[in-house]
2 protein chains.
Amino acid sequence: MTKTARKSPEEKLLLAARRLFCQAGIHATGITRILEEAGVARQSLYTHYGSKENLLKAVLDTEANMWFQWFDLDLPALKCSPSQRILALFDLIEKWFEKEDFFGCIFVNAVAEHEKDSGWVRDMAGTYRDQIIDRLGALVMESGARNPDVVVQKLGLIIEGAIITAMVTQNSKAAHIARLAAEDVLRCTEWLPSKAETSASVAAMESMEST
Amino acid sequence: MTKTARKSPEEKLLLAARRLFCQAGIHATGITRILEEAGVARQSLYTHYGSKENLLKAVLDTEANMWFQWFDLDLPALKCSPSQRILALFDLIEKWFEKEDFFGCIFVNAVAEHEKDSGWVRDMAGTYRDQIIDRLGALVMESGARNPDVVVQKLGLIIEGAIITAMVTQNSKAAHIARLAAEDVLRCTEWLPSKAETSASVAAMESMEST
DNA sequence: ATGAAATTAGACTGATCGGTCTATTTTTGA
DNA sequence: TCAAAAATAGACCGATCAGTCTAATTTCAT
């Protein structure tokens, strides 16, 4: 096996902050508690991140990168139709919900806790959200939906609903329900004739509901 | 016109707290700011509510009552089929989103900002959520769906997705998208033969998409 | 009109917060 | 091996927080 390289204070802080910010809230989590959780000295936080605010920004970056990896690496690696790739996203989300340290989405937490009219939190969350929706949009375009914009908005709404439902109920089955709802949306979607993919192929999905 | 009865300090505090808790976050909103916004003396908050925590509880109560009024008064007053009542809920939600002081759902804010494993916030939000879902479930049962539980979970997820999407994007059209997604779900739902309502009636809904 | 009750203004407290500073110990690379 | 860099422990600071207290003022029922 590879050498179990000890985690750097930088990484330990990032992991502790991500968990505590989600589990207990951002404002409710004091610097001191993050330091205890990370097992790191007070000064290390400020040499590496400069402020609690910058630490939060770093946490938001890592969460966004999780989504980017799903869309840019994990989903393209699947050998299946675009429609099935869309549905496979919900399986990735389910794995996320199943982690023992899942306590909701840090983006939702951050927006909920901060000023909603303006501010860097809103800007940052909006920017990353747009980038994620763009990737989802590319997937929907690829699938040949006739009204891709509406489909993307429906799916995005279902994904956000799944995240909130999983956070509130602490039950990962929200991802499965979300997948079922997404299948309903796709089943009601009209498709362009050009692509080989037909509405029949979407109807066929029903038989391959996973796990 | 009726006498414009001056608002009591109690009510002014409740309204100011609700807006500020949603607009800027609960922890981020100090007592002093609520008092300024309400135009009320510091002591009045403590004679009427006893603590910031109790004020938050009162705000959560009023938000829950909004939902109860929708389900217990507004929707039953509509002369239409249960399926159409379900869809009409999304119109009520849209009116909610359109209010200029809509900044998300205080329940989501509260859960997001507090400990997610335990605590009174989680308990209170869970209890009220169950009561709201129960009412939605009664509506779905009434409509004669073959698998009402799954339908309720799909619809609940779509509703929560709409709330988050509207909060993040500050756009009330999320309610309309949610309604379209809900129509897809209902269109894919199997119905009991006993009731007069048939899948044909659900298909007919398409032509009456409002606004 | 009047007295009790409600409301107000604002100083004040103890606790906690994010952040700084210093001195000591540990780690690391040549 | 040994000096430089990184990380540690923990005291400390000013600001802000929720909540208390007192005294003056307004409201309102009789």
Side-chain angles (χ1 to χ4, degrees), chain A residues 2-60 106 109-110 112-115 119-121 124, chain B residues 2-60 106 109-110 112-115 119-121 124:
Chain A
T2 62
K3 216 182 294 184
T4 40
R6 296 275 276 288
K7 284 172 191 159
S8 67
E10 212 165 339
E11 192 181 355
K12 287 194 279 188
L13 281 167
L14 198 65
L15 292 174
R18 183 164 75 137
R19 228 208 51 196
L20 289 171
F21 284 163
C22 281
Q23 183 169 2
I26 298 164
H27 285 106
T29 299
I31 290 290
T32 306
R33 186 151 168 227
I34 298 176
L35 298 170
E36 288 169 0
E37 185 83 7
V40 151
R42 199 173 186 80
Q43 184 68 16
S44 296
L45 192 158
Y46 291 95
T47 56
H48 288 298
Y49 294 100
S51 68
K52 184 188 182 183
E53 184 173 306
N54 284 340
L55 180 57
L56 172 59
K57 287 180 185 173
V59 171
L60 291 172
I106 184 63
N109 270 37
E113 291 202 33
H114 291 81
E115 198 76 33
W120 68 268
V121 172
M124 193 168 170
Chain B
T2 62
K3 217 181 293 182
T4 40
R6 296 274 277 288
K7 283 174 192 159
S8 66
E10 212 166 339
E11 192 182 355
K12 286 194 280 188
L13 281 167
L14 197 65
L15 293 174
R18 184 163 74 135
R19 228 208 51 197
L20 288 171
F21 284 162
C22 281
Q23 184 170 1
I26 298 164
H27 285 106
T29 299
I31 290 292
T32 306
R33 187 149 168 229
I34 297 176
L35 298 170
E36 289 170 358
E37 185 83 6
V40 150
R42 199 173 187 78
Q43 184 68 18
S44 297
L45 191 157
Y46 290 96
T47 57
H48 288 299
Y49 294 99
S51 67
K52 184 187 182 183
E53 183 174 305
N54 284 340
L55 180 57
L56 172 59
K57 287 180 185 174
V59 171
L60 292 172
I106 184 63
N109 271 36
E113 291 202 32
H114 291 81
E115 198 76 32
W120 69 267
V121 172
M124 193 168 169

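Below, chain A is the first sequence line, B the second, and so on; all start at residue 1.
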Ranking C/dT8, D/dG19, C/dG18 by distance to the side chain of B/Tyr46, first place goes to D/dG19
Between CD of B/Glu10 and P of C/dA5 the distance, given in whole Å, is 18 Å
Item to complete: Would you indicate what B/Ser8 reaches in the nucleic acid, counting non-hydrogen atoms under 4.0 angstrom: base, sugar-phosphate, or nothing?
Response: nothing
Which part of the nucleic acid, if any, lies within contact of A/Thr47, taking any heavy atom under 4.0 Å across all strands shown: a base, the sugar-phosphate backbone alone, or nothing?
nothing
Picking from C/dG18, D/dA9, C/dT7, the nucleotide nearest the side-chain atoms of A/Ile31 would be C/dG18
Distance check: side-chain N/O of B/His48 vs OP1/OP2 of C/dT7, anything under 4.0 Å?
yes
message = Looking at A/Glu113 and A/His27, would you say the former's side chain and the latter's main chain have a donor-acceptor pair under 3.5 Å?
response = yes
Of the candidates D/dA18, C/dT8, D/dA9, the side chain of B/Pro9 sits closest to C/dT8
From OH of A/Tyr49 across to P of C/dG19 the rounded distance in Å is 15 Å
When rounded to whole Å, the CD1 to P distance for the pair B/Ile34 and D/dA18 reads 8 Å
Distance col, row A/Glu36:CD vs A/Ile31:CD1, nearest 0.5 angstrom, shows 12.0 Å
From NZ of A/Lys12 across to C1' of D/dA6 the rounded distance in Å is 12 Å
Taken to the nearest whole Å, CZ/B/Arg33 to P/D/dC17 is 10 Å
Here the distance between atom P of D/dA6 and atom CG of A/Leu13, to the nearest Å, is 16 Å
Looking only at D/dT8, D/dG19, C/dT8, the nucleotide nearest the A/Val40 side chain is D/dT8
Closest of D/dT20, D/dA9, C/dG18 to the A/Gln43 side chain is D/dA9
Whole-Å distance, B/Leu45 CG to D/dA18 P, equals 10 Å
Q) Any N or O donor-acceptor pair linking the side chain of A/Arg42 to the base of C/dG19 at under 3.5 Å? A) yes
Output for pair (B/Phe21 CZ, B/Asn109 CG), nearest 0.5 Å, gives 10.5 Å
Exercise for review: Verify, without hydrogens or angle tests, whether B/Ser44 (side chain) and B/Pro9 (backbone) share a donor-acceptor contact under 3.5 angstrom.
Suggested key: no
From CD of B/Glu36 across to P of D/dT16 the rounded distance in Å is 13 Å
Rounded to the nearest 0.5 Å, the CD1 atom of A/Ile26 sits from the CG atom of A/Leu60 at a distance of 7.0 Å
For a quick test of reading the model: is some side-chain N or O of B/Thr32 closer than 4.0 Å to OP1 or OP2 of D/dT16? no
Considering only heavy side-chain atoms of A/Ser44, the closest of D/dT8, C/dG19, D/dG19 is D/dT8
